[in-house]
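Have a look at the structure below, then the notes.
Sequence positions, counted from 1, serve as the residue numbers for this chain. The structure displayed is predicted, hence computed values, not measured ones.
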Amino acid sequence: FNLVTLIDTPGLVDGSFEYPFPVEEVIVSIAKHADLIYIFFDPHGQALCDRTMNVIERLNQEHAEKMRYFLSKADMVQQERDRQKV
């Protein structure tokens, strides 16, 4: 696709993990250049960690109309209530 550029940001984790750059600020600043923002949640990872949720809330304040949400690996979640949590 000549007119499509995909930018994959790192998955975010909480805790003592330190990124070598201000990852949250970079993600938020890239968003202003995007036509669409796809948010993929992995129910087996830290999909709802504080860092991820903070970035999504910040993006939603300025770019809600561009955001689309996807649940990856949904077929691997055993309980419906666990799928609904994400």
Side-chain angles (χ1 to χ4, degrees):
F1 299 102
N2 294 336
L3 301 175
V4 175
T5 301
L6 298 175
I7 300 171
D8 184 9
T9 61
L12 302 176
V13 296
D14 282 341
S16 62
F17 184 81
E18 298 266 341
Y19 293 90
F21 56 92
V23 66
E24 295 173 47
E25 296 304 319
V26 171
I27 292 170
V28 171
S29 75
I30 288 173
K32 65 184 167 199
H33 302 287
D35 295 320
L36 287 172
I37 300 169
Y38 290 160
I39 308 291
F40 289 89
F41 290 105
D42 180 347
H44 295 290
Q46 292 192 26
L48 301 178
C49 76
D50 289 339
R51 187 174 275 160
T52 298
M53 296 310 295
N54 289 338
V55 169
I56 290 172
E57 286 175 10
R58 289 178 63 190
L59 290 171
N60 198 45
Q61 289 174 359
E62 295 183 36
H63 307 289
E65 72 285 350
K66 299 188 216 179
M67 297 176 70
R68 305 294 184 271
Y69 299 91
F70 300 91
L71 179 61
S72 64
K73 304 176 190 169
D75 58 325
M76 297 178 71
V77 179
Q78 298 296 318
Q79 302 292 324
E80 178 62 27
R81 67 181 166 178
D82 292 334
R83 192 175 3 256
Q84 291 174 1
K85 276 195 277 186
V86 177

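Considering only heavy atoms from C-beta on, Ile27 comes within 4.5 Å of Leu59 through its side chain.
Criterion: ILVMFWY side-chain heavy atoms under 4.5 Å apart, direct or through other members. Under it, Val4 and Phe70 are not part of a common hydrophobic cluster.
Interatomic distance, CE of Met53 versus CD of Glu57, reported as 6.0 Å (0.5 Å rounding).
Contacts classified as salt bridge (Lys or Arg N to Asp or Glu O under 4.0 Å) and involving residues 59-72 (residues at least two apart or in different chains) are not found.
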If you look only at distance, which donor and acceptor atoms sit under 3.5 Å apart when one is on a side chain in residues 29-40 and the other is two or more places apart or in another chain?
unit_1 : atom_1 : unit_2 : atom_2 : d
Ser29  : OG     : Glu25  : O      : 3.4
Ser29  : OG     : Val26  : O      : 3.1

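For Asn60 (side chain) and Ile56 (main-chain N/O), no donor-acceptor pair under 3.5 Å exists by modelled atom type.
Shortest non-hydrogen contact noted between Met67 and His63 is CG-O, 3.3 Å.
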